[in-house]
Each structure stands twice: as C-alpha cells, then as structure tokens.
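Structure record follows, encoded as structure tokens.
Along the sequence shown, residues carry numbers from 1.
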Amino acid sequence: MDDSVGTVFNALHQKNMLENTIFMFIADNGGEVDPMLGFGSNYPLRGNKKTYWEGGVHLPAVIWSPLLNLDTPRISHQLMHVSDWLPTLYTLIGGNVDDLGPIDGFDMWKALVDDTPSPRTNMLQNLDSASGTSAYRQGHLKLTNGPTTYSTWHGPSGLETFNSATIYEWVFKNGSIVRDVLQEMDMWIVDDPDDVYQNLLVTCEQPPPKESSQCDPAKQPCLFNITSDPCEYYDLADQYPDVRYFSIFTDVL
C-alpha cells in the first residue's frame with residue numbers, strides 16, 4: 001500500500017494537482033478479535049467490531065492536505081462522526097451545505113483547520129431494536145445499554161515487539177516516494193518518530209479490580225466518561241442515576 005499510495009501521490013505532484021488534493025485514510029470499524037474470524041487488536045480499548053464499545057467505534061483516521069495549512073502534525077481530539085465527512089468535503093469544494101437538505105452530518109473543516117471546538121456535541125453510536133442494544137454519546141459521557149458480545153478487553157496489544165525507530169526507518173527513509181515528494185515541496189514535517197508514534201497511542205489508567213468494574217449493560221445501562229476513560233473501565237451510572245435512565249433509549253425502543 002505504501003508503494004501504491006506513493007505512485008498516486010507522485011502522479012498528482014507531477015501534474016501540479018497535489019496542492020489542491022486531500023488524502024484521507026479512514027477505518028470503517030474496529031478490529032476483529034475472534035481468532036476464528038480474524039487477527040485484529042483494539043488494545044487497549046474494550047470490545048470488538050460490531051459492538052458499541054470503543055473498540056468497535058473509536059477508529060483511526062488520517063487526513064493530509066496542503067489546504068490544512070499545518071506547520072506540524074496535529075492529533076485532532078474533536079468529536080466527529082463518519083456522516084460529517086459529506087458536509088465537510090462539500091463545503092471545501094465550494095458547496096453550500098444547505099443544498100444537501102436535512103442531513104445528520106456537520107461541517108468539520110473549520111474545526112480541523114483551526115483546531116476549534118467541534119460543532120458536534122452528541123452522537124447516536126448504536127440503535128438496534130431487534131437486539132435491544134443502544135449507545136449514545138453526549139459530550140464526554142457515553143451511555144451503553146443492552147446485551148452485547150465481546151464486552152471485555154482483548155489482547156495482545158500488538159505493541160510487544162514494536163520499535164518506532166525501526167518502523168520509521170523502514171517506512172520513511174528506505175525509498176519512500178511520499179517522503180521524497182514532500183521534501184521536494186518543502187512540506188516534510190515529520191522529524192521525531194517517537195513523538196509521532198507515542199502521541200498517537202490511546203492511554204488509560206490501570207483497570208480497576210474486577211469486583212469494582214462489573215458493569216453489565218444487559219441488566220442496566222452503563223455510563224462512562226470517554227475523554228478521561230476511553231477504555232471504559234469505570235462505570236459512573238451510580239453517580240449519575242438521572243443520566244442512566246436517559247429517555248432517548250426508552251422513547252425510541
């Protein structure tokens with residue numbers, strides 16, 4: 001894939017089209033942790049693909065473009081949903097979002113460029129009336145409800161033998177077409193591989209003892225602060241009983 005992307009990248013550069021191009025890599029779901037079906041790892045996040053846990057819905061995405069006007073790489077922490085890409089890109093090419101009619105997405109371009117707060121403050125992450133499952137995100141808080149499989153944390157992390165310096169040498173210094181093009185354009189902004197890789201990692205506190213973290217959303221809704229606890233270790237539902245019985249789930253289901 002490195003070679004294929006590099007070939008496309010260089011072709012656009014040769015046609016003087018790269019400065020008006022956006023490259024995006026977006027995952028469509030979390031990894032498959034069932035060894036009978038795949039060899040994915042969502043570590044340290046909880047759950048599997050096809051679940052409402054962060055391991056199934058918290059996905060990596062990379063966007064690159066001269067239009068972003070960045071001097072250094074930046075990790076975006078703004079809340080964003082896949083439906084936001086349509087109005088975002090439509091606005092970027094000169095369209096009026098109002099022409100799209102009633103849509104669920106928000107224009108995120110200004111937030112991405114200027115690192116301003118996201119226009120999105122909530123997100124319906126799951127709603128399945130057949131299974132009785134649902135998940136809703138409001139700001140920092142996420143409410144989960146209903147039975148789900150793979151509700152625990154599955155390893156290994158995949159990082160046991162990871163060496164960022166070696167990967168950096170392999171990807172960027174041994175004949176990378178993208179690197180060569182960006183250096184020619186004076187747009188190569190990756191200097192320290194440790195900064196790049198370490199800053200991308202999702203980190204969580206140590207998990208609580210099992211006896212204090214037995215949240216079973218099949219019995220009653222569970223509540224998490226995803227900003228401070230992306231691994232969904234600590235159920236806050238008892239601390240916020242009014243939120244636990246948030247009416248959106250009962251009203252819709």
| request: List for me each residue that meets side chain to side chain donor-acceptor pair (under 3.5 Å) alongside Ser228, sequence neighbours excluded, and say none if there are none. | output: Asn225

| said: Please enumerate all residues that pass side chain to side chain donor-acceptor pair (under 3.5 Å) together with Glu19, with sequence neighbours excluded. | reply: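 Partners of Glu19 by the side chain to side chain donor-acceptor pair (under 3.5 Å) criterion come out as none, since no residue qualifies.
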
Taking all non-hydrogen atoms of both residues, which atom of [X] and which atom of [Y] are closest, and how far apart?
X	Y	value
Leu141	Leu236	CD2-CD1, 4.5 Å
Cys204	Tyr233	CB-CE1, 3.8 Å
Cys215	Phe224	SG-CZ, 4.1 Å
Met80	Met123	O-CE, 3.4 Å
Asn42	Gly30	OD1-C, 3.6 Å
Gly146	Tyr52	O-OH, 2.7 Å

| query | Taking atom CG of Asp115 as the centre, does the number of heavy atoms from other residues, nucleotides or ligands within less than 6.0 Å exceed 12? | reply | yes

| Quick check: are there more than 12 heavy atoms from other residues, nucleotides or ligands sitting under 6.0 Å from CG of Asp104? | no

Check whether any side-chain heavy atom of [X] sits under 4.5 Å from a side-chain heavy atom of [Y], and report yes or no.
X	Y	result
Tyr136	Pro221	no
Ser41	His154	no
Trp153	Pro44	no

Under 3.5 Å, side chain of [X] to main-chain N/O of [Y], donor-acceptor pair present?
X	Y	result
Thr227	His140	no
Asn48	Thr149	no
Thr148	Thr51	no
Asp84	Phe106	yes

| field | Candidates Leu12, Val178, Val62, Ile63 - the one meeting side chain to side chain contact (heavy atoms under 4.5 Å, CB included) with Phe23 | value |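 Passing option: Leu12.
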
| query | Would Arg46 and Thr152 count as a side-chain contact (heavy atoms from CB on, under 4.5 Å) if you check the C-alpha gap in whole Å, the side-chain angles of each, and the deciding distance to 0.1 Å? | reply | CA-CA 6 Å; Arg46 186 174 184 173; Thr152 56; 5.7 Å; no

Kindly compute the distance separating [atom1] ([X]) from [atom2] ([Y]), expressed to the nearest 0.5 Å.
X	Y	atom1	atom2	result
Leu182	Ser176	CG	OG	8.0 Å
Leu223	Tyr240	CG	OH	8.0 Å
Tyr43	Cys231	OH	SG	8.0 Å
Leu143	Gln125	CG	CD	10.5 Å

Between [X] and [Y], is there shared hydrophobic-cluster membership here, with clusters defined by ILVMFWY side-chain heavy atoms closer than 4.5 Å?
X	Y	answer
Val202	Val33	no
Leu201	Leu59	no
Met187	Ile177	yes
Leu68	Leu89	yes
Trp109	Met24	yes

| Restricting to pairs with a member in residues 134-151, which pass salt bridge (Lys or Arg N to Asp or Glu O under 4.0 Å), not counting sequence neighbours? | Glu54-Lys142, Lys142-Glu232

| task | Only one of Asn145, Thr144, Asp128, Asn126 passes side chain to side chain donor-acceptor pair (under 3.5 Å) with Thr133; say which it is. | result | Asn126

| request: Evaluate the side-chain contact (heavy atoms from CB on, under 4.5 Å) criterion for residues Ile75 and Leu200: first the C-alpha distance (whole Å), next the side-chain angles of each, then the deciding distance (0.1 Å), finally the verdict. | output: CA-CA 7 Å; Ile75 299 173; Leu200 287 172; 4.0 Å; yes

Which pairs would a plain distance check flag for residues 91-100, meaning a side-chain donor or acceptor within less than 3.5 Å of a matching protein atom at least two apart in sequence or in another chain?
unit_1 : atom_1 : unit_2 : atom_2 : d
Thr91  : OG1    : Pro87  : O      : 2.9
Thr91  : OG1    : Asp107 : OD2    : 3.1
Asn96  : OD1    : Asp98  : N      : 2.9

| Residues forming a side chain to side chain contact (heavy atoms under 4.5 Å, CB included) with Thr116, sequence neighbours excluded |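 For Thr116 the side chain to side chain contact (heavy atoms under 4.5 Å, CB included) partners, ignoring immediate neighbours, are Lys110, Ala111, Asp114.
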
| said: Filter on ring pair (Phe, Tyr, Trp, His ring centres under 6.0 Å), then keep only pairs touching residues 64-90, sequence neighbours left out; what's left? | reply: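 Residue pairs passing ring pair (Phe, Tyr, Trp, His ring centres under 6.0 Å), neighbours aside: Phe9-Trp64.
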
